[in-house]
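Owing to the predicted nature of the structure, the values given are computational and were not obtained by experimental measurement. Along the sequence shown, the residues carry numbers beginning at 1.
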Amino acid sequence: MGEHPSPGPAVAACAEAERIEELEPEAEGRPPAAPEDFDPGNTGYISTGKFRSLLESHSSNLDPHKREVLLALADSHEDGQICYQDFVNLMSNKRSNSFRQAILQGNRRLSSKALLEEKGLSLSQRLIRHVAYETLPREIDRKWYYDSYTCCPPPWFMITITLLEIAFFLYNGVSLGQFVLQVTHPRYLKNSLVYHPQLRVQAWRYLTYIFMHAGIEHLGLNVVLQLLVGVPLEMVHGATRIGLVYVAGVVAGSLAVSVADMTAPVVGSSGGVYALVSAHLANIVMNWSGMKCQFKLLRMAVALICMSMEFGRAVWLRFHPSAYPPCPHPSFVAHLGGVAVGITLGVVVLRNYEQRLQDQSLWWIFVAMYTIFVLFAVFWNIFAYTLLDLKLPPPP
């Protein structure tokens, strides 16, 4: 029988990836061994010469942009060999920090035109390209995302949260007979979703308050920001990471109110929204030269103006004569809690596209800070109200 032809690099690597959960260096620091087709000496490395020849022979089996990244990987290794782990990470969509470092030099040598210059794209392809330029600062990441995105799963988290917020608002509006400034209705705080300081032992209220809004003017801006900022971010970074930032902002918002504005209730999703928007704006500023979204300065100014107007509305409402004295109107401090999460945890998430967060020292620093804040707020809620002999408004 004749010899079977050697598999292409994509086929071989993907087959190898099926049996590998996550290749880790062995105890003595030696990288995992590559198949004999790539590494006859079983050293864990592939020579760049053989790698390039294999790549050219089987280039028809690869996406054009992925081929460019592979060539950049080969160009970046002056020692003449490529770690097989980096190759498997690339072909099996498991990139690591070592991979990013390996292609930094090669990234400068990519010769093909940028995604923005490509013509003849379908509507869905143009949408994916637009999202890539809106959220990612590196061309090599934009090409990677453009080739890898399949809309499966779709950005379900932000869409689901938004639909639920609209549904609860409409139901509440019908039951109260009021849609504008619902928060001024005498029965507004009786809803079991609202965070109320007198009912802070009911732990679900620290989360469910996001489904109650002060009025259609409050809901409208939050929904617009969630859809325009949150959905593209979820398309790129996934529901798990974006949901984590959003929920962390929500919890931080209600806890911040319980510490800094102890007599006030909380409503609205501004904590989560401000966490996402603050992280996105901070990421743009920190990667200003790399971000290629159109009119970025103007759009940042518009976003900051909208956020400032919403924050100003919340401050005005907080100190406006209450419709249900002695309890004041809902607090604005949740916005600040969301911003704090966005410029810490959120920035680390957005700056590490497809990278392992557990490998980032900053990630663990901010997680520790967030955990300490949550624990402090929990103990504050248990003991401080009694120790300070604070007079709280009666339950609704």
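Note that OG1 of Thr208 and CD1 of Ile210 are 8.0 Å apart. Values are rounded to the nearest 0.5 Å. In this structure, CD in Gln360 is found 4.0 Å from CG in Asn352, a value given to the nearest 0.5 Å. Separating the CG atom in Leu362 from the CG atom in Leu357 is a distance of 11.0 Å, to the nearest 0.5 Å. Taking CD1 from Ile128 and CZ from Arg126, the interatomic distance works out to 11.5 Å, rounded to the nearest 0.5 Å. For the atom pair Leu136 CG and Arg351 CZ, the distance stands at 12.5 Å (nearest 0.5 Å). Between the CG atom of Leu219 and the CD atom of Gln182 there is a distance of 9.0 Å, given to the nearest 0.5 Å.
Phe366 approaches Val348 most closely through the heavy-atom pair CD1-CG2, 3.5 Å. Counting all heavy atoms, side chain and backbone alike, Gln198 lies closest to Pro395 at CG-CD, 3.5 Å. Between Pro394 and Pro326, the shortest heavy-atom distance links the atoms CD-CG, 3.7 Å. When all heavy atoms of Tyr209 and Ala334 are compared, the closest pair comes out as OH-CB, 4.4 Å. When all heavy atoms of Pro321 and His329 are compared, the pair lying nearest together is O-CE1, 3.3 Å. Residues Pro328 and Ala264 share a closest heavy-atom pair of CG-CA, 3.9 Å.
Tracing side-chain contacts under 4.5 Å through hydrophobic residues (I, L, V, M, F, W, Y), one reaches Leu297 starting from Met307; they form part of the same cluster. Follow the hydrophobic side-chain contacts under 4.5 Å out from Leu375 and you never reach Val257; the two are in separate clusters. Hydrophobic clustering, with ILVMFWY side chains joined whenever heavy atoms are under 4.5 angstrom apart, groups Leu164 together with Val231. Put simply, Val374 and Leu207 are part of the same group of oily side chains (I, L, V, M, F, W, Y) that touch within less than 4.5 Å, one to the next. Linking Ile, Leu, Val, Met, Phe, Trp and Tyr residues whenever their side-chain heavy atoms come within less than 4.5 Å places Val339 and Phe373 in a single cluster.
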**Request:** Give the C-alpha distance, both sets of side-chain angles, the deciding distance and a yes or no for side chain to side chain contact (heavy atoms under 4.5 Å, CB included) between Phe179 and Asn172.
**Result:** CA-CA 8 Å; Phe179 289 90; Asn172 207 41; over 6 Å; no
Problem set entry | CA sep, side-chain torsions, deciding dist, call: Thr135, Met291, side chain to side chain contact (heavy atoms under 4.5 Å, CB included) | CA-CA 8 Å; Thr135 56; Met291 297 298 291; 5.5 Å; no
| What do the steps show when you test Arg205 against Ser192 for side chain to side chain contact (heavy atoms under 4.5 Å, CB included), and what is the final call? | CA-CA 8 Å; Arg205 293 177 180 263; Ser192 61; 4.2 Å; yes
Open item on the list: Could you walk me through whether Ser258 and Leu255 satisfy the side chain to side chain contact (heavy atoms under 4.5 Å, CB included) test, starting with their C-alpha distance in whole Å, then the side-chain angles of each, then the deciding distance to 0.1 Å, before giving a yes or no?
Closed with: CA-CA 5 Å; Ser258 71; Leu255 290 177; 4.3 Å; yes
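Side-chain contact between Pro396 and Tyr324: absent, with no pair of heavy atoms (C-beta onward) separated by less than 4.5 Å. Within the 4.5 Å cutoff, the side chain of Val251 has heavy atoms near those of the Tyr370 side chain. Using a 4.5 Å heavy-atom cutoff, the side chains of Trp288 and Met300 are in contact. With contacts defined as side-chain heavy-atom distances shorter than 4.5 Å, the pair Val267/Pro330 qualifies. A heavy-atom distance below 4.5 Å is found between the side chains of Lys292 and Arg142. In this structure, the side chains of Arg318 and Val333 stay at 4.5 Å or more apart for every pair of heavy atoms. Annotation: side chain of Leu233 is in contact with side chain of Leu350 (closest heavy-atom distance under 4.5 Å). Put simply, the side chain of His237 reaches to within 4.5 Å of the side chain of Tyr353, judged on heavy atoms.
With Tyr385 as the aromatic partner, Arg200 meets the cation-pi criteria of under 6.0 angstrom to the ring centre and within 45 degrees of the ring axis.
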Determine all donor-acceptor pairs shorter than 3.5 Å in which one atom belongs to a side chain in residues 277-286; sequence neighbours excluded.
{"unit_1": "Ser278", "atom_1": "OG", "unit_2": "Tyr274", "atom_2": "O", "d": "2.6"}
{"unit_1": "Asn283", "atom_1": "OD1", "unit_2": "Asn287", "atom_2": "ND2", "d": "2.9"}

Could you list the donor-acceptor pairs under 3.5 angstrom formed between side-chain atoms of residues 221-229 and any protein atom two or more places apart in sequence or on another chain?
{"unit_1": "Asn222", "atom_1": "ND2", "unit_2": "His213", "atom_2": "NE2", "d": "3.4"}
{"unit_1": "Asn222", "atom_1": "ND2", "unit_2": "His218", "atom_2": "NE2", "d": "3.4"}
{"unit_1": "Asn222", "atom_1": "ND2", "unit_2": "Ser269", "atom_2": "OG", "d": "3.3"}
{"unit_1": "Asn222", "atom_1": "ND2", "unit_2": "Ser270", "atom_2": "OG", "d": "3.4"}
{"unit_1": "Gln226", "atom_1": "OE1", "unit_2": "Tyr246", "atom_2": "OH", "d": "2.6"}
{"unit_1": "Gln226", "atom_1": "OE1", "unit_2": "Ser269", "atom_2": "OG", "d": "3.4"}
{"unit_1": "Gln226", "atom_1": "NE2", "unit_2": "Thr162", "atom_2": "OG1", "d": "2.8"}
{"unit_1": "Gln226", "atom_1": "NE2", "unit_2": "Glu165", "atom_2": "OE1", "d": "3.3"}

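Among the candidates Phe168, Trp204, Phe169, the single residue satisfying the ring-ring contact (aromatic ring centres under 6.0 Å, His included) test with Phe211 is Phe168.
When atom types are taken as modelled, the side chain of Thr263 and the backbone of Leu392 share no donor-acceptor pair closer than 3.5 angstrom. Judged by distance alone, with hydrogens and angles left aside, the side-chain atoms of Trp363 form no donor-acceptor pair with the main-chain N or O of Leu345 at under 3.5 Å.
Atom CG of Leu176 sits in a crowded spot, with more than 12 heavy atoms from other residues, nucleotides or ligands closer than 6.0 Å.
Between the side chains of Thr184 and Gln178, a donor-acceptor pair is found at a separation under 3.5 Å.
The ring pair (Phe, Tyr, Trp, His ring centres under 6.0 Å) contacts involving residues 182-201 comprise Tyr195-Tyr206, where partners must be two or more places apart or lie in separate chains.
Classified by interplanar angle (parallel below 30°, tilted 30° to 60°, perpendicular above 60°), the ring pair Tyr145/Tyr149 is tilted. Ring orientation note: the planes of His335 and Phe311 are nearly perpendicular, at an angle over 60° on the 30°/60° scale.
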